[in-house]
Amino acid sequence: MRIEFDDNLITGNEMIDTQHRELIDRTNQFLDKLEENVGRVDAIKMLDYLDEYVEFHFGEEEKLQVELQYPGLGEHRKKHEELRNTVKELYAMLDEEEGPSEAFVKQVEVNVVDWLIRHIQGFDRSVAEYRYMTENADKL
């Protein structure tokens with residue numbers, strides 16, 4: 001299962017959309033490596049690569065929301081924490097199973113891929129809409 005960055009995932013915020021493209025690219029690279037039946041060490045390296053960008057991106061999103069005084073910041077942070085916990089669980093799963101198994105790949109698809117799509121289409125779009133409304137209040 002791959003994520004395609006299309007119109008359904010555009011928030012209208014150039015910085016966030018650029019970061020989403022990178023995050024989706026890293027997720028797809030991770031899935032590609034898993035299909036190659038990589039070992040535990042390579043899977044951990046790819047998970048590190050994804051995790052590093054998740055942390056950067058979430059920090060940037062939350063900084064933007066603070067600047068906007070976005071009223072949904074607390075709930076948005078909780079959603080980000082969900083993915084952070086998922087990543088921790090994936091690390092643990094790689095250790096327990098001594099590498100990526102079919103169950104591991106399924107967890108990535110459900111708890112990373114599906115989560116990203118739902119999060120971008122819901123939570124991230126609402127931030128972009130809020131920004132647009134506050135910046136264009138005089139035109140509405």
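By convention here, the first residue in the shown sequence is residue 1.
- Linking ILVMFWY residues whenever their side-chain heavy atoms come closer than 4.5 Å, directly or via other members, leaves Leu9 and Val110 in distinct clusters.
- The local environment of CD in Glu98 is sparse, with at most 12 non-hydrogen atoms from other residues, nucleotides or ligands closer than 6.0 Å.
- Residues Lys45 and Lys33 form no side-chain contact, since every pair of their non-hydrogen atoms from C-beta on lies 4.5 Å or further apart.
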**Study point:** Audit row: Glu81, Lys78, salt bridge (Lys or Arg N to Asp or Glu O under 4.0 Å) steps and yes/no
**Key:** CA-CA 5 Å; Glu81 198 58 34; Lys78 287 179 188 175; over 6 Å; no

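- Between Asp25 and Gln29 there is a side-chain heavy-atom pair separated by less than 4.5 Å.
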Check your understanding: What do the steps show when you test Tyr70 against Arg131 for side-chain contact (heavy atoms from CB on, under 4.5 Å), and what is the final call?
Key -> CA-CA 8 Å; Tyr70 179 63; Arg131 180 180 188 183; over 6 Å; no

Review point. When you look at Leu31 and Val113, which way does the side-chain contact (heavy atoms from CB on, under 4.5 Å) test go after all the steps?
Key: CA-CA 10 Å; Leu31 289 167; Val113 172; 3.7 Å; yes

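- Applying the 6.0 Å contact sphere to CD of Glu75 captures no more than 12 heavy atoms from other residues, nucleotides or ligands.
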Exercise for review: Under the side-chain hydrogen bond (donor to acceptor under 3.5 Å, both in side chains) rule, what do Glu89 and Asn85 come out as? Steps first, then yes or no, please.
Suggested key: CA-CA 6 Å; Glu89 291 168 5; Asn85 289 334; over 6 Å; no

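- Heavy-atom contacts from other residues, nucleotides or ligands closer than 6.0 Å to CD of Gln69 number 12 or fewer.
- Val54 and Phe104 fall within the same hydrophobic cluster, where Ile, Leu, Val, Met, Phe, Trp and Tyr residues are linked whenever their side-chain heavy atoms come under 4.5 Å apart, directly or through other members.
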Practice item. Evaluate side-chain hydrogen bond (donor to acceptor under 3.5 Å, both in side chains) for Tyr132 paired with Asn13, printing each intermediate quantity in order. Key: CA-CA 9 Å; Tyr132 178 81; Asn13 179 298; over 6 Å; no

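- Here the closest heavy-atom approach between residue Ile10 and residue Phe5 is recorded as CG1-CE2, 3.8 Å.
- Counting heavy atoms from C-beta outward, Tyr130 and Gln65 have side chains that stay 4.5 Å or more apart.
- Using the six-membered ring where Trp is involved, Phe123 and His76 have ring planes that are perpendicular, over 60° apart on the 30 and 60° scheme.
- Atom OG1 of Thr27 and atom OH of Tyr49 lie 10.0 Å apart (nearest 0.5 Å).
- Shown here for Ala43 and Leu34, the closest heavy-atom pair between the two residues is CB-CD2, 4.4 Å.
- Taken together through direct or relayed side-chain contacts under 4.5 Å among Ile, Leu, Val, Met, Phe, Trp and Tyr, Val87 and Leu23 form part of one hydrophobic cluster.
- Within the model, atoms OG1 of Thr11 and CD of Glu61 stand 8.5 Å from one another, a figure rounded to the nearest 0.5 Å.
- Counting only heavy atoms from C-beta outward, the side chains of Thr86 and Trp115 never approach each other to under 4.5 Å.
- Residues Arg2 and Glu35 are paired through a salt bridge, judged by an N-O separation under 4.0 Å between the basic side chain and the carboxylate.
- Each of His20, Glu22, Glu52 was compared with His57 under the side chain to side chain donor-acceptor pair (under 3.5 Å) criterion, and only His20 meets it.
- Separating the OG atom in Ser101 from the CG atom in Asn37 is a distance of 11.0 Å, to the nearest 0.5 Å.
- For the pair Asp95 and Arg40, the salt-bridge criterion is met [side-chain N within less than 4.0 Å of a carboxylate O].
- Between Phe30 and Val112 the shortest side-chain heavy-atom distance does not fall below 4.5 Å.
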Check your understanding: How far apart are the C-alpha atoms of His119 and Glu82, what are their side-chain angles, what is the distance that settles it, and do they pass the side-chain hydrogen bond (donor to acceptor under 3.5 Å, both in side chains) test?
Key -> CA-CA 11 Å; His119 184 77; Glu82 284 179 12; over 6 Å; no

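- Under the 4.5 Å side-chain heavy-atom criterion for Ile, Leu, Val, Met, Phe, Trp and Tyr, Ile44 and Tyr53 are members of the same hydrophobic cluster.
- Contact check for Arg125 versus Ile120: no side-chain heavy atoms found under the 4.5 Å cut-off.
- Here the closest non-hydrogen pair linking Ile24 and Ile3 is CG2-O, 3.5 Å.
- Side-chain atoms of Arg77 never come within 3.5 Å of backbone atoms of Glu62 as a donor-acceptor pair (strictly under, hydrogens ignored).
- Under a hydrophobic-cluster definition in which Ile, Leu, Val, Met, Phe, Trp and Tyr are linked whenever side-chain heavy atoms come within less than 4.5 Å, directly or via other members, Ile117 and Leu83 are assigned to the same cluster.
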